[in-house]
Amino acid sequence: MVEGRQLVEKVVSLCKRRGFIFQSSEIYGGLGGFWDYGPLGVELKRNLKDAWWQDMVARHDDTTAPEGLPSPYSMVGLDTSIIMHPQVWKASGHYDLFHDLLVDCKADGCKARFRADQLDSSHCPLKPSKAPGEHSACQLTEAREFNLMFKTYIGALVDPESESYLRPETAQGIFVNFKNVLATARVRLPFGIAQIGKSFRNEITPRNFTFRSREFEQMEIEFFCRPGESSAWYEYWRDRRFAWYVALGLDSSRLRLRDHQSDELSHYSCGTADVEYAFPFLPEGEFGELEGIAHRGDFDLRSHMEGKLVRDGDELILQRDESGRPRHPGSGKDLTYFDDDTGERIVPHVIEPSAGADRAALAFLCEAYSEDAIPDEKGVPQPRVVLRLHPRLAPVKAAVLPLTRKEGMPELAQDLYRTLKQNWNVAYDEKGSIGRRYRRQDESGTPMCVTVDRESLSNGTVTVRDRDTTEQVRIPAAELHEHLAERING
RNA sequence: GCGGGAAUAGCUCAGCUGGAAGAGCGCCACCUUGCCAAGGUGGAGGUCACGGGUUCAACCCCCGUUUCCCGCUCCA
């Protein structure tokens with residue numbers, strides 16, 4: 001059993017060797033926190049996103065209430081722009097929270113970092129009775145701007161007035177379109193809006209392969225519901241999202257669902273749970289977040305109506321500046337919902353299942369990597385590397401292999417390949433020994449190998465080899481389509 | 001941001017005291033075999049991370065930079 005640091009190195013090495021993940025801009029020396037997906041990686045990640053979209057949106061049944069819940073619900077999708085009006089990030093609170101002036105102390109033995117606006121109330125680590133800068137040894141740097149949002153300029157003119165940001169999350173694109181969806185999609189509460197897209201955060205320390213990247217892809221749902229039903233829906237989404245990972249193969253003890261403690265909750269949240277995976281690069285017993293499912297109350301829609309909110313006891317209130325005006329005003333638009341059942345106008349509550357596509361892809365790769373041994377022709381066990389990816393996620397669904405390059409086997413195999421290719425990503429390979437070709441497909445995670453042999457030519461049957469067991473069944477070529485469909489779609 | 005380590009072929013790594021750039025695997029072609037990797041012959045692939053410096057001569061020594069790893073720090 002391979003684990004820990006050793007497993008990380010093997011997974012990273014396999015990702016490079018087989019074309020799953022490359023470092024960005026590698027020929028120029030690389031760029032920290034950015035990654036490229038190679039020919040197999042793009043298939044894996046696309047399959048993952050497709051599985052999410054199919055399971056959450058496209059195949060969602062709008063007419064049936066989930067067991068134990070008060071009503072059915074609708075699901076619709078959205079694809080919003082990466083750059084949005086700068087006021088979006090000010091009203092949402094990201095601008096203030098992601099944006100700090102920091103001061104470092106260069107003194108030997110100190111090296112501490114302080115928020116420039118909190119120097120007076122901070123304590124010098126070398127002399128805790130004094131504030132930073134008051135001790136004789138202190139060597140404070142100038143205040144430097146740390147902005148975890150990527151800044152850019154709209155239009156060719158570089159000018160503070162044209163500053164904007166690459167979105168640090170996809171969620172805000174959904175909230176600012178709440179009215180549009182309500183007005184056009186004929187949805188009523190409760191309903192969810194789903195979006196998959198890139199987000200950008202200027203992480204201080206990108207680390208652990210693709211786990212903490214500066215450019216990453218999110219799969220987010222904002223689920224809007226009546227305040228009185230929000231707790232039930234929160235539990236529904238929390239359990240459903242956990243089960244989704246299990247169904248796709250993260251079924252080991254390395255996956256867990258963890259409810260946040262009350263002191264861990266964000267200022268707006270009244271309940272959050274994380275789906276976490278014990279990534280092999282983390283210390284024993286530690287887990288990394290794959291997805292957060294947050295009960296956000298009415299925080300988001302209110303923020304975009306009124307402006308940036310802050311907590312005041314049990315309440316969220318509009319933050320005001322010295323002159324009493326909103327610190328960061330909202331849109332001023334009415335984002336309330338008229339409930340036909342009660343005749344009341346309400347601010348819907350939001351449940352937000354927010355998943356990281358890259359983190360999920362990495363977890364599935366780590367979980368799938370395994371080494372075993374299978375007997376050679378003399379019965380001697382020989383080592384093997386195999387990616388036991390769920391067939392829905394596997395980059396290549398099947399490989400079609402002529403046993404030899406003679407007697408018309410390649411021609412028949414290519415015919416089958418072309419037929420299957422119309423429905424799935426399948427590979428054709430005639431190079432090297434048959435055992436070598438099986439191993440190549442095992443390393444790429446291909447769940448099935450279809451082999452054309454002499455018997456195929458005489459009676460139209462082929463063998464289908466299973467990646468995980470290496471067992472083969474012989475079936476008529478005419479039944480291949482059905483056989484593959486059953487294995488891939490379950 | 002701080003401290004430590006590392007960087008040589010697609011991957012894993014050798015390379016002595018400074019003196020002609022290497023191996024295994026992988027990849028390509030041909031031959032052989034024909035249902036579970038590594039049989040034969042041949043081949044492609046390297047500005048030894050990048051930029052300076054020392055030296056008759058640098059993968060090797062020195063300085064700087066970048067990236068990765070480890071530990072702090074940070075983590076909406």
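None of these values were measured; they are calculated from a predicted model. Naming convention: chains lettered A, B, ... in sequence-line order (proteins, then strands); numbering from 1 in each chain.
- A:Asn202 comes within 4.0 angstrom of nothing in the nucleic acid, heavy atoms only.
- As the counterpart of B:rC35, no nucleotide is assigned, since no Watson-Crick or G-U wobble pattern has both distances under 3.5 Å.
- Comment: A:Asp321 does not engage A:Arg327 in a salt bridge, judged by the lack of any side-chain N to carboxylate O separation of less than 4.0 angstrom.
- Each of A:Arg167, A:Lys198, A:Arg201 was evaluated against A:Glu215; a single residue qualifies, A:Lys198, per the salt bridge (Lys or Arg N to Asp or Glu O under 4.0 Å) test.
- Taking the P atoms as reference points, B:rG39 lies 7 Å from B:rC25, given to the whole Å.
- To the nearest angstrom, C1' of B:rC68 lies 17 Å from CZ of A:Phe22.
- Remark: the separation of the P atoms in B:rU66 and B:rC30 is 48 Å, to the nearest Å.
- For A:Trp237 and A:His295, the gap between ring centers reaches or exceeds 6.0 Å.
- When every heavy atom of A:Pro348 is checked against every heavy atom of A:Phe224, the shortest pair comes out as CB-CB, 4.2 Å.
- With both ends at atom C1', the span from B:rC60 to B:rA14 equals 14 Å, rounded to whole Å.
- The partner of B:rA29 is B:rU41, by the rule that a Watson-Crick or G-U pair needs both atom distances under 3.5 Å.
- Position along RNA chain B of the nearest nucleotide to A:Phe281 versus A:Glu9 favours A:Glu9 as the more 5'-ward residue.
- Here the separation of B:rG71 from B:rG45, taken at their C1' atoms, is 38 Å to the nearest Å.
- For A:Gln23 and B:rA7, the CD to C1' distance is 11 Å, given to the nearest whole Å.
- Within the 4.0 angstrom heavy-atom criterion, only backbone atoms of the sugar-phosphate kind lie near A:Phe209; the bases stay farther away.
- Spacing between atom CG of A:Asp429 and atom C1' of B:rC28 amounts to 13 Å, rounded to whole angstrom units.
- Rounding to whole angstrom units, CZ of residue A:Phe34 and P of B:rU66 are separated by 15 Å.
- Checked by atom type and distance alone, the side chain of A:Arg256 never pairs as donor or acceptor with a backbone atom of A:Phe287 at under 3.5 Å.
- What separates CD of A:Glu286 from C1' of B:rC75 is a distance of 13 Å, to the nearest Å.
- Rounded to an integer number of Å, the gap from A:Phe211 CZ to B:rC68 P is 16 Å.
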Base, backbone or nothing for each nucleotide of nucleotides 31-38 of chain B, written B, S, -, heavy atoms under 4.0 angstrom, 5' to 3'?
--SBBBBB
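- Between A:Phe211 and A:Phe209, a ring centre-to-centre spacing not shorter than 6.0 Å is recorded.
- Of all nucleotides present, only B:rU12 satisfies the Watson-Crick or G-U wobble test against B:rA23, with each distance under 3.5 Å.
- B:rG26 and B:rU65 are spaced 41 Å apart, taking the P atom of each and rounding to whole Å.
- No hydrogens or angles considered: a donor-acceptor pair under 3.5 Å links the side chains of A:Gln195 and A:Thr80.
- Judged by Watson-Crick or G-U wobble contacts below 3.5 Å, the nucleotide B:rC68 has B:rG5 as its partner.
- Look at NZ on A:Lys10: it is 21 Å from P on B:rG10, rounded to the nearest Å.
- If you take atom C1' in B:rA58 and the same atom in B:rG15, they sit 14 Å apart, rounded to whole Å.
- The distance from atom CG of A:Leu282 to atom C1' of B:rC75 is 14 Å, rounded to the nearest whole Å.
- Distance check on atom C1': B:rU17 versus B:rC59 gives 15 Å, rounded to whole Å.
- Of the P atoms belonging to B:rG64 and B:rG1, the separation is 16 Å, rounded to the nearest Å.
- At distances below 3.5 Å, not a single donor-acceptor pair connects side-chain atoms of A:Arg214 with backbone N or O atoms of A:Asn202.
- Applying the 4.0 Å criterion to OP1 and OP2 of B:rC27, one finds that A:Arg440 has a side-chain N or O inside that range.
- Here A:Gly33 lies in heavy-atom contact (under 4.0 Å) with sugar-phosphate atoms only.
- Here A:Asp429 does not pair with A:Arg436 in a salt bridge; the nearest charged N to carboxylate O distance is not below 4.0 Å.
- In this structure B:rU54 sits in no base pair that meets the Watson-Crick or G-U test at under 3.5 Å.
- Pair check for B:rG18 finds none; no Watson-Crick or G-U wobble contact set falls under 3.5 Å.
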